[in-house]
Amino acid sequence: MAEHLTVADGTKEEKYRALYPQLRALVGAETDLIANMANVAAAIRETFGFWWVGFYRVVGDELLLGPFQGPLACTRIARGRGVCGTAWAEARTLVVADVDKFPGHIACSALSRSEIVVPLRCGDEVTGVLDIDSAELSTFDEVDARWLERITALLAP
Ligand code: SME
């Protein structure tokens, strides 16, 4: 995949299965993290049509907005705040079926209804997060968690 993404039809599992090797080839051909984050966000949004797909990087004691696709977003998030800051603090993937029921959820967009946040890791350290928002309830499950963890692992140095 140089400038072209082949978007598969079918189930979520089939779409991830088609997307993953394309991302592996793309990310493997480029060493710059920001460039890779930008294309990964674009590819995920193009494949699934999610409301917002993007990255936050750990910079100092905050998450700082990185490459994303979708509406404007919060620029800085403190550790432990919102879904993103909690996924960072707890160093684990969080699947939120209804963001209104997540204490402290940060509503960057009132249209966001469900969310998944996957930590980026370098060894034991969390270096950022992949955040995906959906405009529908209960969009994400274990299938997304498993594949998105594989995709974020491609971004490890
Ligand atoms: N909802 C997120 C904040 C980031 S935006 O949705 C892009 C949170 O609660 O961490």
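Just so you know, ligand 1 is whichever comes first in the structure, and atom 1 is the first atom listed for that ligand. Positions are given from 1 along the sequence.
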Can you list everything that forms a salt bridge (charged side-chain N to carboxylate O under 4.0 Å, His left out) with Asp100? Sequence neighbours excluded, please.
none
Thr139 side chain to Glu136 main-chain N or O, any donor-acceptor pair under 3.5 Å?
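Here the side-chain-to-backbone pair exists.
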If you take all heavy atoms of Asp133 and Phe50, which pair is closest and at what distance?
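The answer is O-CB, 3.8 Å.
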Write out all pairs satisfying salt bridge (Lys or Arg N to Asp or Glu O under 4.0 Å) with one or both partners inside residues 67-78, taking only residues at least two apart or from two chains.
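Checked against salt bridge (Lys or Arg N to Asp or Glu O under 4.0 Å) - neighbours excluded - the pairs reaching residues 67-78 are Glu62-Arg76.
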Ligand 1: which residues have a non-hydrogen atom closer than 4.0 Å?
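Lining ligand 1 at under 4.0 Å, by heavy atoms, one finds Trp52, Tyr56, Ala73, Ile77, Gly82, Val83, Cys84, His105, Ile106, Cys108, Glu115, Asp131, Asp133.
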Taking atom types as modelled, find out whether Ser109 and Trp51 have a side-chain donor-acceptor pair closer than 3.5 angstrom.
yes
Sequence neighbours left out, what passes side chain to side chain contact (heavy atoms under 4.5 Å, CB included) with Thr47? Give chain and number order.
Leu5, Val7, Lys15, Leu19
